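A short write-up of the structure that comes next.
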Amino acid sequence: MGINTTPADDCLSVSSLVALVRRQVEAIGQDLWIQCEISQFTERRHWYFTVKDAGARIGCIAWSSVVRSIGIIPEVGMMVRLRGYPTVYVKEGRLQFIVRQMVPLGEGALHRAFEALKARLQKEGLFEPARKRNLPSYPATIGVVTSGESAAFRDIAKVVGERFPSTRIILQSVRVQGAYAPSEIAKAIGTFSSLPAQHPQRPDVLIVGRGGGAIEDLWAFNEEEVARAIFACSIPVISAVGHETDHTIADLVADCRAATPSNAAEIAVPMASELSRRVIITIQAWRNSIASKVQMHRSSVLRTVESRRINRPIRRLNDTRQDVDRYTDRLMYGMRRRTADTRARIMAVQGRLETLDPERALQLGYIRVERNGQRVRMAGHLQAGDRVLLQFIDGPSQAKILPAEQ
């Protein structure tokens, strides 16, 4: 019995074989969606779990960076959609799926996912009323992020055209449902937001939304990447998702929520006819106000012209002359009185000065005795033989003191 032999150069190592299989598996695609049921789950820093359907099962890994964005903790038996890519764990040669995104299916699971993401984003401040911006009153351009084939876009275009025909609409057509919808919506919002302020295609306001549907149909507007795109948008955003009773994460982040896409258009632009009516009313009010003021001033001028002061200028002039004469008389009387008072005070001072004048005594026949330039007031201050100066009214005279007679 012969033995088949294979040349050594044609043999593969186990590592090479597994690596070859891995390359072939990863070549299938890097962005695949699978729908499945979770059958086993282990929560560590990363998530390790198994998913299955009726015919097969495969192991999955969600790295910690993905875990932080999922918003819910999967449970065994939960139906989910997973986005990611297949690969092979080389050391064990095991097929596995690397998860990039997880969307729960079923209203119970979706509600839990909604509440978990809502709580996390609210904690980060994405819903804060203080950060919400006012919408422009008269937008020249409106950007719309929705499906170009949808009734929602037709409703928006119709309402805007009826209310303010000059407003331009720029559409970024996206899928609003399904696995690829969230990334397309977020990208379209980012495209509008990144346009420079003076760019001709940059809108003044954005409408982001779609028509009504089941919770699964609206789920793209509950995804975190859409919420963060709205939050980061540099243009005011109106969220218009579903019907009035529908509420999404996008509604909470947007600057304004509209009940429907048609309502979003009504919020975005004013009614041109109503605006024209207001302008006409305002102009008429201005005219009435101006006419009233003109009439008021005209009446005031007429009353002034017809008054006695204007109508009889000579009498007014005469009155003024009399006033001047009266004031002049009062002024002259005051000046004369003040002059007399001043003269009397001067005379009184002069009298006192004359009384105190040293020459006054000489005029009365008295003399002044001086010795060596000093006045002599008492006889006891003189001695026999002293020479003195006698000051008379008409001049001085020398004298000599004789001894007193015994």
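These figures come from a predicted structure and were not determined experimentally.
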Exercise. Could you grab the distance from atom OG of S64 to atom CH2 of W47, nearest 0.5 Å is fine?
Key: 11.0 Å

Quiz prompt | Partners passing side-chain contact (heavy atoms from CB on, under 4.5 Å) against R343 (at least two apart in sequence or in another chain) | solution = T339, M347

Quiz item: Between R154 and E149, is there a side-chain N and carboxylate O pair less than 4.0 Å apart?
Solution: no

Quiz item: Under 3.5 Å, side chain of R57 to main-chain N/O of V51, donor-acceptor pair present?
Solution: no

Exercise. Could you check I34 against F97 for side chain to side chain contact (heavy atoms under 4.5 Å, CB included), going step by step and ending with a plain yes or no?
Key: CA-CA 10 Å; I34 60 174; F97 192 78; 4.1 Å; yes

Practice problem: Please round to the nearest 0.5 Å and tell me the distance separating atom CG of N222 and atom NE2 of H111. | Solution: 11.5 Å

Practice problem: Working to the nearest 0.5 Å, report the span between CD of E224 and CG of L117. | Solution: 5.5 Å

Quiz item: Where do I249 and L121 land on the side chain to side chain contact (heavy atoms under 4.5 Å, CB included) test, with the steps shown first?
Solution: CA-CA 9 Å; I249 297 295; L121 296 184; 3.8 Å; yes

Exercise. May I ask you to test the V18-V88 pair for a side-chain heavy-atom distance under 4.5 Å?
Key: yes

Practice problem: Not counting sequence neighbours, which residues clear side-chain hydrogen bond (donor to acceptor under 3.5 Å, both in side chains) with E37? List them please. | Solution: none

Quiz item: Do any pairs count as a salt bridge (Lys or Arg N to Asp or Glu O under 4.0 Å) and have a residue in residues 123-143, sequence neighbours left out, and if so which ones?
Solution: E124-R228, R133-D255

Quiz item: Which value, rounded to the nearest 0.5 Å, describes the distance between I185 atom CD1 and S147 atom OG?
Solution: 10.0 Å

Quiz prompt | Heavy-atom closest pair, residues G211 and A152 | solution = N-CB, 3.7 Å

Quiz item: Are the side chain of T146 and the backbone of G209 linked by a donor-acceptor contact shorter than 3.5 Å?
Solution: yes

Quiz prompt | More than 12 heavy atoms of other groups within 6.0 Å of E244 CD | solution = no

Quiz item: Do the rings of F49 and F41 sit parallel, tilted or perpendicular, given the 30° and 60° boundaries?
Solution: tilted

Exercise. Report the C-alpha distance between L20 and R23 in whole Å, list the side-chain angles of each, state the deciding distance to 0.1 Å, and finish with yes or no for side chain to side chain contact (heavy atoms under 4.5 Å, CB included).
Key: CA-CA 5 Å; L20 177 62; R23 286 194 296 272; 3.7 Å; yes

Quiz item: Counting only N and O atoms by type, is there a donor-acceptor contact under 3.5 Å from the side chain of R210 to the main-chain atoms of G212?
Solution: yes

Quiz item: Looking only at atom types and distance, does a side-chain atom of D251 sit under 3.5 Å from a main-chain N or O of R257, one as donor and one as acceptor?
Solution: no

Quiz item: So, R368 side chain and Q391 main chain: donor-acceptor pair closer than 3.5 Å or not?
Solution: no

Practice problem: Using atom types as modelled and distance alone, determine if a side-chain donor or acceptor of H243 lies under 3.5 Å from a backbone N or O of T245. | Solution: no

Quiz item: Any donor and acceptor pair, going by atom type alone, linking the side chain of S239 with main-chain N or O of A254 inside 3.5 Å?
Solution: no

Quiz item: Does S193 use its side chain to pair, donor to acceptor, with the backbone of S234 at less than 3.5 Å?
Solution: yes

Practice problem: List the steps, then state whether side chain to side chain contact (heavy atoms under 4.5 Å, CB included) holds for M79 with C36. | Solution: CA-CA 6 Å; M79 295 297 297; C36 49; 6.0 Å; no

Practice problem: Could you give me the CA-CA distance, side-chain angles and deciding distance for R175 and E184, then say whether salt bridge (Lys or Arg N to Asp or Glu O under 4.0 Å) is met? | Solution: CA-CA 7 Å; R175 281 178 278 192; E184 290 188 12; 2.6 Å; yes

Exercise. Supply the atom-to-atom distance L389 CG to S397 OG, rounded to the nearest 0.5 angstrom.
Key: 8.0 Å

Quiz item: Once you round to the nearest 0.5 Å, how far does OG1 of T141 lie from CG of L206?
Solution: 11.0 Å

Exercise. Classify the ring geometry between W33 and Y180 as parallel (under 30°), tilted (30 to 60°) or perpendicular (over 60°).
Key: perpendicular

Quiz item: Distance-only, no hydrogens or angles: does the D53 side chain make a donor-acceptor pair with backbone N or O of G55 under 3.5 Å?
Solution: yes

Exercise. Find out whether R202 and P196 are in side-chain contact, i.e. whether some heavy atom of one side chain is under 4.5 Å from a heavy atom of the other.
Key: no

Quiz item: Under 3.5 Å, is there a donor-acceptor pair between the side chain of D386 and the main chain of L382?
Solution: no

Quiz item: Hey, are the side chains of Q35 and V80 touching, using non-hydrogen atoms and a 4.5 Å cut-off?
Solution: no

Quiz item: Can you tell if the side chain of I267 reaches within under 4.5 Å of the side chain of I238, non-hydrogen atoms only?
Solution: yes

Self-check item: R44 to Y48, cation-pi by 6.0 Å centre distance and 45° axis angle
Solution: yes

